[in-house]
There are 2 protein chains.
Amino acid sequence: MAHARRVTLQDIAAAVGLSVNTVSRALTGKDQVSEETRAMIKAVADRLGYVPNTMARSLVLGQVMTIGVVITNPSNPFYARLISAIEQRGRVHGYSMLLMVSEENPDNERRAVESMMRWGVDGAIVVPVQAGDDHWRRLIDSGTRVVLVNRDLSDVDCDFAGIDYERSAYEASLHLLDTGVDSMYLFEEDLRISTVAARIDGFTRAVTERGLPADAVRVLRVPTRRHEASTLPWEAAESYDLARSVVAGLPDNCGILLGNDYFALGLYRALREAGRRIPDDVRIVGFGDDTFAGYLDPALSSVRLPSEQLGTAAVDQLLARLADRATRTPRVTAFYPTELVVRASSAGPAVVPAPAPAARRTRARTRQGSS
Amino acid sequence: MAHARRVTLQDIAAAVGLSVNTVSRALTGKDQVSEETRAMIKAVADRLGYVPNTMARSLVLGQVMTIGVVITNPSNPFYARLISAIEQRGRVHGYSMLLMVSEENPDNERRAVESMMRWGVDGAIVVPVQAGDDHWRRLIDSGTRVVLVNRDLSDVDCDFAGIDYERSAYEASLHLLDTGVDSMYLFEEDLRISTVAARIDGFTRAVTERGLPADAVRVLRVPTRRHEASTLPWEAAESYDLARSVVAGLPDNCGILLGNDYFALGLYRALREAGRRIPDDVRIVGFGDDTFAGYLDPALSSVRLPSEQLGTAAVDQLLARLADRATRTPRVTAFYPTELVVRASSAGPAVVPAPAPAARRTRARTRQGSS
DNA sequence: ATGAAAGCGCTAACAA
DNA sequence: TTGTTAGCGCTTTCAT
């Protein structure tokens, strides 16, 4: 059962007794064709089951109506939502999405760039691994517009849509300090990426500002297995191991900031097993506000990240660049506001648990400047 | 700063003083070219920064080395892992991935099919919405190989890689019944899809087999908002609302099976607030074994789903079909085994909580048959 | 309003 | 081993 060969403009032209050219014009809505001819051609095309050939079309047009998306790990719910938002927004504007996964591996990332250059995608939206950036520069030099998301590359001349993690971590830390803790911990994953560094900076700024003695402050790195495979779940087990080894030495009345909510899963268990109480003994704030955060016991305070907004903004920014190909405006760096959702896990000693969760937003900012 | 025009075979040919054809042969590794010529050409191509044009290549070759992937909702962690697995496996074989999101909406699904036909993707891997299937038949008739994943369409002639939810639910229900409960509840999302129906069937078979009186058995449907947007988190809030309205009438010593683990988040909270104890009063088993399952308090028993295996198998199945284009073997229907991970939430009254979680796997099966 | 011809970049016959 | 020719399906001059 060999399926029917694909119907082409030729076939339609032959069927209606007109030239390929006319058929093309009729179908693409050009106005140099009589309405009756067009209707007739459309009818025949429909009857024959004509579907335009994107390859041929793109080859001559020089644009493929496709954006390449490179993500480190789609299993991370933050990125999963980002992908959804990008796809949705792109689809509205008629763009398809070529998805590539780098798994935090620069080699995969380079391969992704190669792939995008072969395809000649119109633009790329990227969460960079942040290990090497020559390939990005090459991609941009080849004429592809690139928008970085969540992680920036200061040496690459392209737009960026991200989150001010420094400030978010600073504010979350202040919130913990405000509950009256007298020592502070930060759990961060063991990756050399700017988002982690920024959170550490914000955390450090807060504890320094409040004058916490150095020996009352610790940054703990949770080993990550994210390099190994993109299908791995997040690092709850690792944070559990770390927390268990730390929990005995954990002073009462301390605050813990977590680089992501999954750390809370491991930490909660370790504390439970050690008989430590949240928030009485230990007060906790996470990052990400994953679905489960509000349903843990006690409910986890967490910094909500604007993943959908980020995805939408990245697409819009890309399309804007595509719209005026020529102009050479300096790179746009936009930060989108997070929201500290305060729940029971960081309720201060004297505070009555609020009925509705209080929210506190960082303000939105957009910055323009050269590189 | 107009970027340099893309380097073509022509450019290389001109540079080395040979024909386009020879350059093509040299670069694609054909053996009708002297080694020294090839080396020379490769060097020049490299120096010039040549990148093959996929569009042009695909146009003449008639294959695009791309597989279309249609998913209902990438924010569902099960599908997120599936996507990762598919991308990874496809990449190994040199395939790119065009990702489309249907959001449980048949219109979007139809658009996705249209898009894939325009592209002329070599194959498609699909989680169907299960509302209408003409478009799938059209896609297949056009010569595109399709593999369905997780949800089957019995009237469409293509391969399927899935999970035996009926059996999994049956076994999970038996497990609950074995703990000595004398009433059974099932929480299922409010979607008309085969996976939900299958779990209901399995649940029903188990309770019937054990002779539970009809008034001791209930299937509750959790309203879903999944249609609204693919970036929405899963339905913890909805299950909480439902659970809260039900929990007062919930008899002690009952068992609850959940269509997905997110329902546990809402249910746990509702039970907590009502002062009901898990597993003493209520015993629970979820579906999905999401990362947080083992870290809830008490740890949630859950049916682990082989998402990675499913993704890998789907790609392999697709590539197998692609390999022997001609042959017309009947559709392959493969089921991959789940694993019931028993944890504290379903510990029977007399059972000591196991130190390591006991696991129980359904057996793997592959079936062949027409349609 | 319609047609003829050229070409997008590449590969695959067929020659030489 | 290398070159010439043709063509994948489409769009875009330039004629008519």
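Numbers restart at 1 for each chain; the letters A, B, ... are given by sequence-line order, proteins then strands.
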Any ion pair linking [Y] and [X] (charged N to carboxylate O, less than 4.0 Å)?
X        : Y        : answer
A:Asp141 : A:Arg138 : no
B:Glu114 : B:Arg110 : no
A:Glu104 : A:Arg151 : yes

Please give, in whole Å, the distance from [N] [atom2] to [X] [atom1]?
X        : N      : atom1 : atom2 : result
B:Ile41  : D:dT1  : CD1   : P     : 13 Å
B:Arg6   : C:dC8  : CZ    : P     : 14 Å
A:Arg118 : C:dC10 : CZ    : C1'   : 13 Å
A:Met55  : C:dC8  : CE    : P     : 19 Å
A:Gln63  : C:dC8  : CD    : P     : 18 Å
A:Gln32  : D:dA15 : CD    : P     : 16 Å
A:Leu59  : C:dA6  : CG    : P     : 18 Å
A:Leu18  : D:dT11 : CG    : P     : 16 Å

For [N], does OP1 or OP2 lie under 4.0 Å from any side-chain N or O of [X]?
X       : N      : answer
B:Ser19 : D:dG3  : yes
A:Lys30 : C:dT2  : no
B:Arg57 : C:dT11 : yes
B:Thr37 : D:dT2  : yes
B:Ser24 : C:dA12 : no
A:Ser34 : C:dT2  : yes
A:Thr22 : C:dG3  : yes

Nearest-0.5 Å distance that lies between atom OG1 in A:Thr72 and atom CD in A:Glu109: 9.5 Å

task: Identify the two heavy atoms, one from A:Val7 and one from A:Leu48, that lie closest to each other, and give their separation to 0.1 Å.
output: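 The answer is CG2-O, 3.2 Å.
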
- prompt: Taking the nucleotide of DNA chain D with the closest heavy atom to each, which residue, A:Gln10 or B:Arg38, is nearer the 5' end?
  reply: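 It is B:Arg38, whose closest nucleotide lies nearer the 5' terminus.
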
When you get a sec, tell me which of [options] is the closest nucleotide to the side chain of [X]?
X       : options               : value
A:Val60 : D:dC10, D:dG3, C:dC10 : D:dC10
B:Arg25 : D:dT11, C:dA13, C:dG3 : C:dA13
B:Asn21 : D:dT4, D:dG9, C:dG3   : D:dT4

- prompt: Which part of the nucleic acid, if any, lies within contact of A:Ser58, taking any heavy atom under 4.0 Å across all strands shown: a base, the sugar-phosphate backbone alone, or nothing?
  reply: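 A:Ser58: no heavy atom of the nucleic acid under 4.0 Å.
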
